[in-house]
Amino acid sequence: MTTNQELRTIHMVKDKASFEAFYNKYEYFLFNIAYKLTGDKDQSEVLLTKVFKRIKEHPSDLFEASTKNPTFTLFELTVRVHKENCQGLYP
């Protein structure tokens, strides 16, 4: 199943098992991105939690926003959440 199909399943049926499978599939990938953005393991875990929370609460943001490669869409979301968290920290 592709990422977009996975997200539609999670969104349409609020399927906990589908979300857990999605999490397990992409956790390592997104953690690596988060670590490259933060340079810190603890901050990366916090960012990862925020990204998955966003996906769980608003999965349609991913599959409606982009026709790009699904992993690139996940990358973009992780960067966006990181930037939102950093607003106000840097002049």
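Position 1 is the first residue of the sequence, and the numbers go up from there. All values below come from the heavy atoms of this structure, side chains included, with hydrogens, waters and symmetry mates left out. Computed from a prediction, not measured in an experiment: that's the story for all the values here.
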Minimal non-hydrogen separation, T78 against A34, with atom names: CG2-N, 4.3 Å
Hphob cluster co-occupancy, V46 + V51, side-chain heavy atoms under 4.5 angstrom: no
Whether F52 and F22 hold their rings parallel, tilted or perpendicular, with breakpoints at 30° and 60°: perpendicular
CZ-CG distance between F29 and L74, expressed to the nearest 0.5 angstrom: 6.5 Å
S44 OG to L37 CG distance, which is reported to the nearest 0.5 Å: 8.0 Å
Worked check of side-chain contact (heavy atoms from CB on, under 4.5 Å) between Y26 and T71: CA-CA 9 Å; Y26 291 101; T71 54; 3.9 Å; yes
Spacing of OG1 belonging to T49 relative to NZ belonging to K56, to within rounding of 0.5 Å: 12.0 Å
Ring pair (Phe, Tyr, Trp, His ring centres under 6.0 Å) partners of F31, counting only residues at least two apart: none
Sequence-distant partners of K41, salt bridge (charged side-chain N to carboxylate O under 4.0 Å, His left out), two or more places apart: E45
Gap separating the CD atom of Q43 from the NE2 atom of H82, nearest 0.5 angstrom: 8.0 Å
Non-neighbouring partners of F75 that pass ring pair (Phe, Tyr, Trp, His ring centres under 6.0 Å), sequence neighbours left out: F72
Side-chain heavy-atom pair R54, E84 within 4.5 angstrom cut-off: yes
Worked verdict on E20 versus K25 for salt bridge (charged side-chain N to carboxylate O under 4.0 Å, His left out): CA-CA 9 Å; E20 288 175 4; K25 183 175 181 179; over 6 Å; no
Reference residue Y23; test side-chain contact (heavy atoms from CB on, under 4.5 Å); the match among L48, I55, L30: L48
Where D42 and D40 come nearest, the two heavy atoms and their spacing: N-OD2, 3.1 Å
L77 side chain near T73 side chain, heavy-atom distance below 4.5 Å: no
